[in-house]
Every structure is written in structure tokens, then in C-alpha cells.
**Student:** 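Let me give you the structure first, and then I'll get to my questions.
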Amino acid sequence: MDWGALQTILGGVNKHSTSIGKIWLTVLFIFRIMILVVAAEKVWGDEQDDFICNTLQPGCKNVCYDHFFPISHIRLWALQLIFVSTPALLVAMHVAYRRHEKKRQLRKGDQKCEYKDIEEIRSQRFHIEGTLWWTYTCSIFFRLVFESVFMYAFYFMYDGFRMPRLMKCSAWPCPNTVDCFVSRPTEKTVFTIFMIAVSSICILLNVAELCYLLTKFFLRRSRKAGNQKQHPNHENKEETKQNEMNELISDSCQNTVIGFTSS
Amino acid sequence: MNWAGLYAVLSGVNRHSTAIGRIWLSVIFIFRIMVLVVAAESVWGDEKSAFTCNTQQPGCNSVCYDHFFPISHIRLWALQLILVTTPALLVAMHVAYQQHQEKKLLVMTGHGDAKHLEEVKKHKMRIAGSLWWTYVCSVVFRLLFEAVFMYLFYMIYPGYQMVRLVKCEAYPCPNTVDCFVSRPTEKTIFTVFMLVTSSVCIVLNMAELVYLVVRACARRGHHNSNPSSAKGSFYGHKLSSEYKQNEINQLLTEQDGSLKDMLRRNPSLQEKGDRCSAC
């Protein structure tokens with residue numbers, strides 16, 4: 001179970017995301033996870049072995065390293081990436097639940113079910129509306145929260161995003177104050193800034209996606225209200241359902257619904 | 001065989017689980033196994049090489065490490081995850097057995113063609129009857145293993161915290177020697193994280209158990225309000241061919257999905273099944 005498995009799991013969610021969501025997922029996998037695995041892990045690989053303190057006192061190096069690096073950058077990024085990608089699973093679970101309901105309808109031979117066979121249900125892409133819209137919006141909100149929390153934790157733990165070259169340590173058992181030297185500080189600073197920048201881009205993409213979803217929601221609502229205003233006498237449920245279906249057809253650019261009849 | 005192999009084996013079980021069971025499986029794979037593999041293993045990677053004692057006495061380092069870390073956290077978590085995920089295989093075995101029985105029935109009633117047999121493989125089994133008991137047993141075992149390992153952890157590493165300094169006086173160390181653990185804070189953070197996810201899994205298992213019991217009681221209440229079984233003497237009842245026929249019918253009604261649909265679509269098959277007393 002590694003990053004490849006996570007990619008497989010999340011690849012399925014991609015189908016039901018908005019375009020911005022797909023871009024976000026690509027940025028996550030290529031500019032964050034891949035960079036972490038192929039580059040950053042090697043930079044931080046010798047972080048403790050090459051952390052050298054100007055003392056022969058046994059234990060001083062261990063204690064000073066632990067004092068200045070309570071949790072390594074690599075582990076923090078790994079946790080951040082796991083937490084940030086998992087809300088998408090909420091959407092995957094909701095889609096799976098909807099598919100399950102449609103299959104049940106199909107099996108019961110329900111007239112309302114517009115799909116003719118199970119394969120069609122499996123390959124059908126659901127529109128982000130109704131309860132799915134709320135699940136999707138919640139997942140984006142959680143992503144934003146996790147990203148911000150981790151960025152703040154980073155800033156708080158490492159006092160900014162720069163890796164210093166030298167640290168002065170006076171924790172026991174170090175005798176007096178001891179100079180400790182960090183391995184590859186410049187390279188680490190470069191990668192830290194890169195990861196922070198990409199994290200900010202992901203936050204912006206999430207905010208944009210949230211705005212897009214909200215705009216779509218309000219537009220759809222105003223269109224519905226406009227339709228109802230134009231036809232004040234036709235307030236019964238059937239006409240409303242018919243209008244909704246017509247909207248669905250005009251909205252979607254693929255997967256036309258077959259076999260539906262007008263009332 | 002590695003974690004990916006285990007994932008492949010358990011993904012099959014996923015299909016026959018309840019919704020809570022699927023959430024539990026996702027939590028196990030993403031927040032425990034994945035975190036173990038991508039993060040925790042590298043934190044504990046240098047646990048022995050960077051374990052430093054304030055002495056030059058050869059052998060003291062090894063002896064003290066062995067005294068304070070009888071079994072590494074990583075290995076304990078790996079064992080815990082394997083033992084906790086394997087009861088799900090009981091369910092997989094039972095489902096395979098039920099599918100085998102279904103296929104036999106189909107062949108007996110003359111519908112043993114490839115299409116129907118494929119349908120048996122594909123449809124989802126309902127958690128009812130003996131499968132319910134197997135499922136409940138697997139959840140109970142999961143809970144048991146989780147609890148046992150959490151207790152073991154607490155016994156071996158009291159307080160779940162990784163100390164920075166341990167004082168060691170095992171032979172051949174001269175007197176009491178200070179030994180320093182590598183990355184104690186990071187290890188404490190990951191220990192607490194794994195403990196929290198373990199507790200979440202325990203809560204999910206308990207919720208699943210409650211859900212299964214409530215569902216079974218609800219189903220029983222529904223059956224009691226619709227009594228349909230004929231009464232007779234216990235042994236005569238058991239030995240009669242009518243009882244055997246009822247068992248077959250119960251098998252047919254218990255299994256959801258394609259088999260019921262098949263019978264619904266072919267009423268002649270249903271009549272044949274009713275007339276058949278030697279099945």
C-alpha cells in the first residue's frame with residue numbers, strides 16, 4: 001500500500017469531479033506526491049546521520065536533533081497529502097451509493113429508472129447536484145481546512161519556511177551551548193518553498209472550485225425560480241419534474257437519457 | 001506477498017461487507033497501512049543505528065537496545081494490522097462456500113450454463129442466516145485483536161510515549177549508563193496517531209456489531225409478524241422430504257439478486273422446484 005495505490009483509489013473519483021477538481025488532482029499527484037517521492041525523500045534521507053554537533057558527548061546529537069526537528073518535513077508532507085486527498089473518498093462513497101440505488105431500481109423493474117442495463121449504470125457519470133453537491137462541497141471544504149492546518153503547523157514548528165545552516169543547542173547532556181550543523185540546508189529550503197508554493201496553488205484551486213460550485217448552484221436556483229414565475233399556474237409536481245428533466249438534458253453534453261416520455 | 005497483496009485479497013471481501021465495514025476497511029488501508037509504509041517505517045528506520053549510549057564498552061549499546069525495545073513498534077503494528085484484517089477472510093470463505101452451493105443448485109435445476117454461473121459470482125450476498133453469524137464472529141475477532149494489541153503496547157511501552165533518555169545497567173555496561181533514543185518526539189507523534197486510528201477502528205467495529213444485531217432483530221420481528229411455517233413433530237419434520245424442499249426454498253429466498261430474479265422470470269422453473277421432492 002503506497003502512493004500508487006492511493007492514485008488508483010483516487011483515479012476513480014476523477015470521473016465525477018469538475019474540471020477544476022481534475023486539475024487539482026493532477027497538480028497533487030505530479031507536483032506534490034511525485035516530487036516528494038523522487039526528489040524530496042532523497043534530500044532528507046541523511047537528515048539525522050549528517051546532522052553534526054560540535055561535541056563528542058554521546059547523546060547530544062540525538063537530543064539536539066530531536067529538539068529542533070520534532071517531526072521531519074517529509075513525514076509532515078506525507079501526512080498532509082494523505083489527509084488532503086481522503087475527502088475525495090466521501091464523493092466516491094456517495095457515487096457508489098447512488099449507483100447501488102439505481103441498480104436496485106433497475107432490478108425491481110421500476111418504471112422510473114431511465115437506465116436499461118447495469119453496465120450503463122456503471123459507466124454513467126453523475127451530475128453534481130442535489131445531495132451529491134453537498135457531499136462534494138463538504139469534501140472541498142475539508143481539503144481547504146486540512147491544507148491550511150498543515151501549512152500553519154509547518155510555519156509554527158519551523159519558525160518560517162527557511163532551513164537554517166547552524167543551530168545552537170544547550171539541551172542536556174550537551175555540555176554548555178553546542179553548534180550543530182544541518183545537512184543540505186539550501187536544497188531543503190528550495191524544496192520547502194516549492195512544496196509551500198504548490199500547496200498554495202492547490203488552496204487557490206480549491207477556493208476556485210468552491211466558487212464555481214456555488215455560482216452553478218445559485219444560477220440553477222434562479223433559473224428554476226424564473227421558470228416557476230413564468231408559469232405561475234403550472235405549479236404541480238409533474239410539470240416541475242418535467243422542467244427539471246428538460247434542464248438536465250440541455251445541461252449535459254453527453255449521455256443522453258433514453259426512453260423517457262413526456263407526461 | 002506484501003501490503004499490496006493483502007489489499008488485493010481484502011478488496012474482494014469489500015463487496016460483501018456492510019457500509020460501515022467498507023469505511024473500516026478504507027480507514028485501515030489509508031490511515032494505518034499507508035501511513036505505516038510511507039511515513040512510520042522511515043521514522044523507525046535508524047532506531048538501532050542511532051541509539052547511542054554514553055559508553056565505549058562494546059556490546060553495551062546492543063544489550064541496552066534489546067532490553068528497552070523487546071519488539072519494535074513497527075513490527076508490532078505490522079502484526080496487529082495483519083491479525084486485524086484476516087478475520088474478514090472467514091467471511092470470504094463462507095461467501096465462496098455459499099456461491100458453490102448456489103452453483104450446485106443451479107446445475108441441479110437444469111440451469112448450469114456459463115451465463116447463470118457467472119451471475120452467481122457477480123451478485124452480492126445478503127448478510128443473513130449463517131453468513132450473519134460468520135460476519136459477526138469476524139467483527140468480534142477484529143475487536144479482540146485490536147484490544148489485545150493495544151494492551152500489549154501499553155504493557156511494553158507504558159504511557160505510549162517515547163522517552164528521550166533511558167538509563168541502562170545491563171551487563172556488560174559498567175554501572176548505570178545513559179542511552180539516548182533517536183527521534184523520540186516524532187516517534188511519540190506517530191504512536192499517538194496510530195493509537196487514535198486504532199480507537200477509531202474499534203468504534204467502527206462496535207458500531208457495525210450494533211448495526212448487525214439491530215438488523216437481525218428487526219428482521220426477526222418482521223418474520224414473527226408473518227408466520228408461515230407448517231408445524232409438525234420435530235424429527236418427522238426434519239426427516240421429511242417436505243422439510244428438505246422447504247430448506248431449498250429458504251435457500252432460494254434468502255439469496256438476494258440474480259437467483260430470485262431468475263425464478264421470477266421463469267415461473268416454470270418455480271413449479272419444477274415445487275414438484276421436486278428428491279432434491
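Sequence lines set the chain letters: A, B, ... in the order given, protein chains first and strands last, and positions in each chain run from 1.
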**Student:** For chain A, which residues of residues 180-192 of chain B have at least one non-hydrogen atom nearer than 4.5 Å to it?
**Tutor:** B:Phe180, B:Val181, B:Ser182, B:Arg183, B:Pro184, B:Thr185, B:Glu186, B:Ile189, B:Phe190
**Student:** Tell me, for A:Trp77 versus chain B, whether the close heavy atoms (under 4.5 Å) come from the side chain, the backbone, both or neither.
**Tutor:**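 Neither; nothing under 4.5 Å.
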**Student:** Using heavy-atom distances under 4.5 Å, tell me whether B:Cys179 contacts chain A through its side chain, its backbone, both, or neither.
**Tutor:**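 Neither the backbone nor the side chain of B:Cys179 comes within 4.5 Å of chain A.
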**Student:** Just wondering, more than 12 heavy atoms not from A:Trp134 lying within 6.0 Å of its CH2?
**Tutor:** no
**Student:** Is atom CZ of A:Phe31 surrounded by more than 12 heavy atoms (other residues, nucleotides or ligands) closer than 6.0 Å?
**Tutor:** no
**Student:** Sort B:Tyr7 into side chain, backbone, both or neither according to what part of it lies under 4.5 angstrom from a heavy atom of chain A.
**Tutor:**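 It is the side chain, since no backbone atom gets that close.
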**Student:** Can you pull out the residues in residues 135-170 of chain A with any heavy atom less than 4.5 Å from chain B?
**Tutor:**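 Near chain B, by residue number: none.
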**Student:** Just to be sure I understand the criterion: a residue of residues 17-26 of chain B counts if one of its heavy atoms is under 4.5 Å from a heavy atom of chain A. Which ones qualify?
**Tutor:** B:Ile23
**Student:** Top residue by heavy-atom pair count (under 4.5 Å) with chain B, among A:Asp2, A:Leu89, A:Ile82?
**Tutor:** A:Ile82
**Student:** So for B:Leu165, is it side chain, backbone, both, or neither that comes closer than 4.5 Å to the heavy atoms of chain A?
**Tutor:**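 Contact with chain A is through the side chain of B:Leu165 alone.
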**Student:** Please classify the contact of A:Ser72 with chain B as side chain, backbone, both or neither, using a heavy-atom distance under 4.5 Å.
**Tutor:** both
**Student:** Between A:Leu81 and B:Val38, is the side chain to side chain contact (heavy atoms under 4.5 Å, CB included) condition met? List the steps.
**Tutor:** CA-CA 11 Å; A:Leu81 289 166; B:Val38 311; over 6 Å; no
**Student:** Quick check on the structure: residues of residues 55-64 of chain A within a heavy-atom distance below 4.5 Å of chain B, by number.
**Tutor:**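 Near chain B, by residue number: A:Gln57, A:Pro58, A:Gly59, A:Asn62, A:Val63.
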**Student:** Which residue out of B:Ala4, B:Ser42, B:Ser49 racks up the most heavy-atom pairs below 4.5 Å with chain A?
**Tutor:**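 Among B:Ala4, B:Ser42, B:Ser49, the one with the most close pairs to chain A is B:Ser42.
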**Student:** Please classify the contact between B:Asp178 and chain A as side chain, backbone, both or neither, with a heavy-atom cut-off of under 4.5 Å.
**Tutor:**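 For B:Asp178, the side chain is the part near chain A, not the backbone.
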**Student:** With chain A, which of B:Val37, B:Thr55, B:Ile30 has the greatest number of heavy-atom pairs at distances under 4.5 Å?
**Tutor:**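 With the most close heavy-atom pairs to chain A, the winner is B:Ile30.
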**Student:** Find the one option among A:Asp49, A:Ile74, A:Leu79 whose heavy-atom pairs under 4.5 Å with chain B are most numerous.
**Tutor:**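 Ranked by heavy-atom pairs under 4.5 Å with chain B, first place is A:Leu79.
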